[in-house]
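Down below is the structure, laid out as structure tokens.
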Amino acid sequence: MQTPAQDTATPGTNPFAKQKSHRETKESLIKWTLRSATYVILIITASIFTHIFIRGAPVVFSLTPPFINTSFLTKLPETLHVLEDKQGKKYETTPTGVDVIKKQLGDNLRNEKTISYSGGGILGPIVGTILLVGVCVVVALGLGIASAIYLSEYAKQGKFIEMARLAILNLSGVPSVVFGLFGLGMFVLSAPKITSHPLDRSLLAIPLGFGEYISFEGWDTSVLAGGFTLAFVILPVVITASEECLKAVPQGFRETSLALGATKWQTIWKCVLPFAMPGILTSSILGIARAAGETAPIMFTAALAFKDKLPWQGDTGIMGIFTQSVQALPYHIYTLSARIPQNEYSERAQYGSVFVFLVLVMSLAGASVILRRKLRAKYKW
Amino acid sequence: MEPEKKADAPFNAKDLIKPKRFLGLHVDKQNIIKWFFGSNAGVTIVVLFLIMFFLAREGVGFLPTYQWELSVYRLAGLEFCDYVEKPISEQVAMHSKLKRALGAELNTVSKVDRDRRDAALLAKSRIEDKVTLQTEPLQEALKAKAPPEKTDPLRVALTQATTAAVSTATLPAIFTAEEQIQLKAELSALQPDQAELPPFLKSLMAKSAQKTSEAKLKYAALISTVDAFDDTAEKLTKVHSEIKKIALETKEAANQLHMAEDAKKQLLEAATTAKTEAEKQAFLKDAAATSLAAIDFKVRTQPLRDKLPELEKLIPEYITAIKKAAEGIPENAETPEARKLISQVRTQLPKHLSHVEQCTQLMRDWDYAKPVPITQSLTSFLFGGDWITNSSWQDFYGVVPLLTGSCLIALVAMLISMPFSVAAAIYTNQFASLREQDFIKPTIEFIQAIPSVVLGFIGISVLGDLIKSISLLPFLSWVPGFPVQERLNMFNAGLLLAFMAIPTMFSLAEDAINNVPRAFSEASEALGATKLQTVFKVIVPASVSGILAAMLLGLGRIIGETMVVLLVAGNRIAIPDFSDGIGTVFQPAHTLTGIIAQELGEVSRGSSHWQALFMVGILLFCISLIINFFARQVVKRFKFHKS
């Protein structure tokens, strides 16, 4: 690597310095062009982050104790009502508080505005995103690690393996909105489900004998459908990352274990996976961050613009959490930025949710980067 | 257990090994594990096929549905009406262009004074807005005919507020300093019950009105030309709207019949699965009651054909009229805008005339009974220029406007992201110090984790206004397309997508450069080449196919991105007007991905619109496969390079 030290010498400081030739000037010019292109990217990134932090952090944090605006994080989204009295004083309030203030003001009320989704907090979307990502992680890691083990430990060159690799490659290029369509067609409208009353649109209903049917009628828009769809979006990432980690485990480990009489499975379970697992998990976090950020796949499979209950409120039981649609942070941001007008009242909810979302996703991605670095230092073969 | 017997049996080494059993079955446990993992690896293949299957299941029905819709379009005579519709809409477009040209010409005389008037009125209404709090009680008091001692304090408060508001207001530079003082004085003295405007404002209004009439006088010839142009199509439009009504009624009847057929089919189906005899009878009765009187399209379209002689007579009349009106269009206009618009109309006119002439022939040849082949529904989907939904006339699902939008945005994004990502990859890999590398690489990879909806939000809240205000800077007015009309446009979306694609392109390109064998650069340096020569003459050419593959994969990401284009591209479904040249990119557009995300939530399952959206999904899926295929081909060449 070169250092630009010589470039800075000017005739004023060192009279004996060699005059820069035409070619040298040209070279350093080109080099600086390349360098500035690189730093433009970094500066744009930094300015986007600072913009969101400056506008969004005040919504969540405050300068006075207790420093955190808990109501934004612990309340559900609701419609914001803005009342103005004749003295020009403005009251921002919730749907329940409107009548109280109206009664107080009486004749003094001048005008009333409502801004959808902009009041309250964003607990609903946060919980929804966590549920979706939870389902997605279980499915994607299960399938992804298992396929990676096959690809790296068992597979021999052949038709099947070539096809699998081709499929992974193509799957990673499929647009996320197409995954959304797939999720809608498969999980929402035709995945198998155990029910006692199959719907008319069911593709196939197999009676189980005790009054229940396995009916291919789909899971409706639900956490389960959304989580599965997201899992397939990030599956290629998880497989590729896991395979890399498995391949990084030295071949000697496997040979030693097999030479001692261990079976193939014992070798994988005791001598390969323990060393690859931390790497697999950390690089999968990056995939999870991507899943948390995707909007298009959950638009038709899981997300809801507005819901006034948390998933576990209601009488549907534990499984009910997964079979209902939820609000999700990315979709909430989409709703906030596309469906309601931009004004001073909607800004709080917009920048607040973008800030929280970005912090969530970025801390996942950051954790992955830092952990990976630490792991690299720890496992050096 | 008798040892002798065993000795007699032929010796078999396999008997010594305990047979492999798992859960009581004669299967090797290791094999089961292997199959388990293998089947998991197969999931990706299965998923790929499932995607195709489900897209096809929901989408392929589009072809017959659309074929049916198109055949009704023809049978009911809507097609016939659209033959006339096309020239009429062209005429309307040309007329609006002439009107804009006229406006530009009139502005040369009247604009200054009108602007002064508008600016003064704007300042007035702004100040009135600011003091509404004080005005309202005064108005109420005046309404209630309160005595002066009550209204006077209110008046004082109002005047104070107005003066305060006026002192903070800034007036544009089109007023001289003295005029500004005068205007401000007048504005601060405003009262809600004032009968007349103050003198200076009044004089501004009068001046503007006078100039407007002067302008009208000056351009009287042009005005009468534009009016004559407007009148040309009057008769044609009248007949057209008459036949439209008839055609729509026929279409309505056809749709009703179709629904009745469906209902009958369902009733009959229900009858076969009915549990009790009584239910079955009820269903059958209902089915029998549904009348399925066939529509005689020949009779129904007869009135349309009857209008043909009238139309045939009107069209030559229209042609002579428009030719005459076109003669009045001036050769030269004063303003460049008017000149541009008029020349556009001039170039359009011959095309328009030929369309009009063709339309007679088309109407004569029109046959309601000509069948619509199923291939036509595919071709009109792939090459149709209109995407019109929920229309009271006829829905069209032509993908061309969406495809052009997607492609133009991708083009902008690629043009911006390619130089940046390649430059950054070269710099990071070849010139940056190790510490710099450690900082640049993770940061750029970090961009990948920024959710697209957040970038879309940035585009709506910041970038749109930024681009608009930059485009208003006077020293940038030479840039084509400036000043920008729409905040949300293709350029805005392209910029954000470029930023999104940079990490993908950067890391893959950097990998490709990194894979160039060390011997290459060592050999080059040993021959006395400088670092820069080595980089651009040896390393970059050696890794060019890898870089190309990186660009292609980046393109795949750009085309497939949904949220940014949905939020930022402006969502106008129309083929962009390419007459602006490069400035076209500042127009809003809609995209393949955006249309799915926007419309799928609002359509009912199984309708032609729903199926059309799945067809768009199939198209996107094919595009992504093709891009991937090319990227792979390019990488294959790269391998050959290395050896």
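Predicted model only: the values in this text are computed from it and were never measured. Chain A is the first sequence line, chain B the second, and so forth, proteins listed ahead of strands; every chain is numbered from 1. Reckoned from all heavy atoms, side chains included, excluding hydrogens, waters and symmetry mates.
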Against chain A, label B/F499 side chain, backbone, both or neither, depending on which of its atoms sit under 4.5 Å from a heavy atom there.
side chain

Where does B/I447 contact chain A at under 4.5 Å (heavy atoms): side chain, backbone, both or neither?
side chain

A/M299 versus chain B, the contacting section by heavy-atom distance below 4.5 Å:
side chain

Is the count of non-hydrogen atoms from other residues, nucleotides or ligands lying under 6.0 Å from A/W265 atom CH2 greater than 12?
yes

Counting heavy atoms not belonging to A/F49, are there more than 12 under 6.0 Å from its CZ?
yes

From OG1 (B/T530) to NZ (A/K26), nearest 0.5 Å
9.0 Å

Heavy atoms only, distances under 4.5 angstrom: which of B/G617, B/A423, B/A631 has the most pairs with chain A? Name it, please.
B/A423

Find the one option among A/T33, A/I30, A/I161, A/L34 whose heavy-atom pairs under 4.5 Å with chain B are most numerous.
A/L34

Which atom of A/G173 lies closest to which atom of B/N628, heavy atoms considered:
CA-ND2, 3.6 Å

Smallest heavy-atom separation, A/V174 atom then B/S624 atom, equals CA-OG, 3.9 Å

Of the listed B/I502, B/V535, B/L566, the one with the largest count of heavy-atom pairs under 4.5 Å with chain A is B/L566

What part of A/L364 lies closer than 4.5 angstrom to a heavy atom of chain B: side chain, backbone, both or neither?
neither

Do you know which of B/L55, B/I450, B/V616 has the most heavy-atom pairs with chain A at a distance under 4.5 angstrom?
B/I450

Please determine, among A/A148, A/G142, A/G185, A/G293, the option with the most heavy-atom pairs under 4.5 Å with chain B.
A/G185

Is B/F37 in contact with chain A via its backbone, its side chain, both, or neither, using a 4.5 Å heavy-atom distance?
both

Rounded to the nearest 0.5 Å, how far does NZ of A/K264 lie from NZ of B/K34?
8.5 Å

Measure the CG-CD1 distance between B/N40 and A/I145 for me, rounded to the nearest 0.5 Å.
10.5 Å

Heavy-atom cut-off 4.5 Å, strictly under: side chain, backbone, both or neither for A/R23 against chain B?
side chain

Between B/P451 and A/P330, is there a side-chain heavy-atom distance shorter than 4.5 Å?
no

Interface moiety of A/I52 toward chain B, non-hydrogen atoms closer than 4.5 Å
side chain

Can you tell which part of A/S190 gets under 4.5 Å to a heavy atom of chain B, answering side chain, backbone, both or neither?
side chain

Give, for atom CH2 of B/W35 and atom OH of A/Y154, the distance between the pair rounded to the nearest 0.5 Å.
12.0 Å

Tell me, for A/L235 versus chain B, whether the close heavy atoms (under 4.5 Å) come from the side chain, the backbone, both or neither.
side chain

So what's closer than 4.5 Å to chain B heavy atoms on A/L171: side chain, backbone, both or neither?
both

Region of B/L613 that comes under 4.5 Å of a non-hydrogen atom in chain A:
backbone

Where is the tightest heavy-atom contact between A/S337 and B/L567, given as atom of each residue plus distance?
OG-CD2, 3.9 Å

Most contacts with chain A, counted as non-hydrogen pairs under 4.5 angstrom, among B/F621, B/F506, B/F446
B/F446

Do A/F179 and B/I51 have side chains that get closer than 4.5 Å, going by heavy atoms?
yes

Quick check for you: among A/I168, A/L336, A/L184, which has the greatest number of heavy-atom pairs under 4.5 Å with chain B?
A/L184

Which region of A/L286, side chain (C-beta onward) or backbone (N, CA, C, O), has a non-hydrogen atom less than 4.5 Å from a non-hydrogen atom of chain B, or is it both or neither?
neither

Steps toward salt bridge (charged side-chain N to carboxylate O under 4.0 Å, His left out) verdict (A/R35, B/E436):
CA-CA 11 Å; A/R35 175 176 236 173; B/E436 230 179 340; 3.0 Å; yes

How about B/V43 and A/S147: do any of their side-chain heavy atoms sit closer than 4.5 Å?
no

With a 4.5 Å limit on heavy-atom distance, are the side chains of A/F300 and B/I596 in contact?
yes

Plane angle bin for B/Y427 and A/Y39 - parallel if under 30°, tilted between 30 and 60°, otherwise perpendicular:
perpendicular

Heavy atoms under 4.5 Å from chain A: which residues of residues 453-462 of chain B carry them?
B/V453, B/V454, B/L455, B/F457, B/I458, B/I460, B/S461, B/V462

Under 4.5 Å from any heavy atom of chain B, what part of A/F160 do you find: side chain, backbone, both or neither?
both

Please rank A/H51, A/E294, A/R290 by heavy-atom pairs under 4.5 Å with chain B and give me the top one.
A/H51

Could you measure the distance from the CD1 atom of A/I44 to the CZ atom of B/F420? Nearest 0.5 Å is fine.
6.5 Å

Do you know which of B/V422, B/L50, B/V46 has the most heavy-atom pairs with chain A at a distance under 4.5 angstrom?
B/L50

Enumerate by number any residue of residues 552-564 of chain B whose heavy atoms lie under 4.5 Å from heavy atoms of chain A; in the absence of such residues, state 'none'.
B/G560, B/T562, B/M563

Look at B/L620, B/L600, B/I426, B/I618 and state which one has the largest set of heavy-atom pairs under 4.5 Å with chain A.
B/L600

Interatomic distance, CG@A/L143 vs OG1@B/T44, rounded to 0.5 Å, equals 9.5 Å

Per-residue tally against chain B (heavy atom, under 4.5 Å) across A/V361, A/V178, A/L181 peaks at A/L181

Can you tell me if CZ on B/F630 sees more than 12 non-hydrogen neighbours from other groups inside 6.0 Å?
no

Which atoms of A/Y334 approach chain B - backbone, side chain, both or neither, heavy atom under 4.5 Å
both

Proximity breakdown for A/L358 and chain B, heavy-atom pairs closer than 4.5 Å:
side chain

